[in-house]
Amino acid sequence: MPKPVIAGNWKMNGNRALLLDMVAALSRMNNSSKVVMCVPYSLLQTLEESAQNSKIGIGSQNVHQEVSGAYTGEVSVEQLKEFNVQYCIVGHSERRKFFQEDNELISKKVKRLLQSAIHPILCIGETLEEREIGDEQIIVCNQLTEGLKDIAFDDLRRCIVAYEPVWAIGTGKTATPDQANEMHQFIRGQLVGLTNAAIAAEIPILYGGSVKGSNAREMLAKSDIDGALVGGASLQLEDFKSIILSAQN
Ligand code: PEP
């Protein structure tokens, strides 16, 4: 079983003061899970400096797929590396929806990150309409296999998958632990097909969608839920701490 990963996704929220408070408090915790903070680009330097003597992983929320060039407003992997970024979210449903990111583009970003030894956190998940017509496995399988297409086994080992049903993100609605675990088992099965059972067992599959201190323990106790990708609650210190403590293995 992989070491649990609790990743916070601040989205376009937060500031330096909150980050400094958060890092100071999280650094003092005695937890066995891997904590990653995915902050806006503008906070990466503050995160790198303040988290230096801690085990907190430095995460970005996006990257551009090209190495460099005339892409105004974009940030490259090498620029992320300057801030010691080790993790990067790709394919978040908000990027798919608001920035028209498709599986082909997401797959390019995954490859670019792996070339620079940054762990991609590949987000996949169905919308409510897709679940209602019973297409959730087709959608998730497609996003997973397209997102991880043509990646060598050794690189797949360095990927993290986050199952985030779109209907549960920021809505206060969570999938039930059984519903989420069932999908995680399905994803694990697909990963076995892409790699083999040993590698698939090593790839952390995180759940994301309205995870809070109050529901994390039950969710994280499930056999195939290896951690959480946390949006709103990662901006609330006490809530985030409680999620982290729910993930002891
Ligand atoms: C997310 O944005 O990845 C997320 C899971 O958000 P929330 O926890 O707020 O639902």
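Just so we're clear, the structure is a prediction, and the values are computed from it rather than from any experiment. Computation of the quantities below employed the complete heavy-atom set of this structure, encompassing side-chain atoms and omitting hydrogens, waters and symmetry-equivalent molecules. Read the numbers this way: they start at 1 and go in the same order the structure lists the ligands and their atoms.
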Would you say the side-chain atoms of K149 and N103 include a donor-acceptor pair closer than 3.5 Å?
-> no
Run through ligand 1 for me and note each protein residue having a heavy atom under 4.0 Å from it, chain first, then residue number.
-> N9, K11, H92, E164, A168, I169, G170, G208, G209, S210, L229, V230, G231, G232
Check the pair Q179 / Y207 against side chain to side chain donor-acceptor pair (under 3.5 Å), numbers first and verdict last.
-> CA-CA 11 Å; Q179 237 174 359; Y207 170 77; over 6 Å; no
Can K108 and E66 be counted as an ion pair, charged N to O under 4.0 angstrom?
-> no
Taking only residues two or more places apart in sequence, or in another chain, which ones meet D224 in a side chain to side chain contact (heavy atoms under 4.5 Å, CB included)?
-> N181, H184, Q185, R188
Tell me, please, which residues at least two apart from E130 pass salt bridge (charged side-chain N to carboxylate O under 4.0 Å, His left out).
-> none
Please set out all donor-acceptor pairs under 3.5 angstrom arising from side-chain atoms of residues 14-23, sequence neighbours excluded.
| from | atom 1 | to | atom 2 | distance (Å) |
| --- | --- | --- | --- | --- |
| N15 | OD1 | A17 | N | 3.3 |
| N15 | OD1 | L18 | N | 2.9 |
| R16 | NH1 | T46 | OG1 | 3.3 |

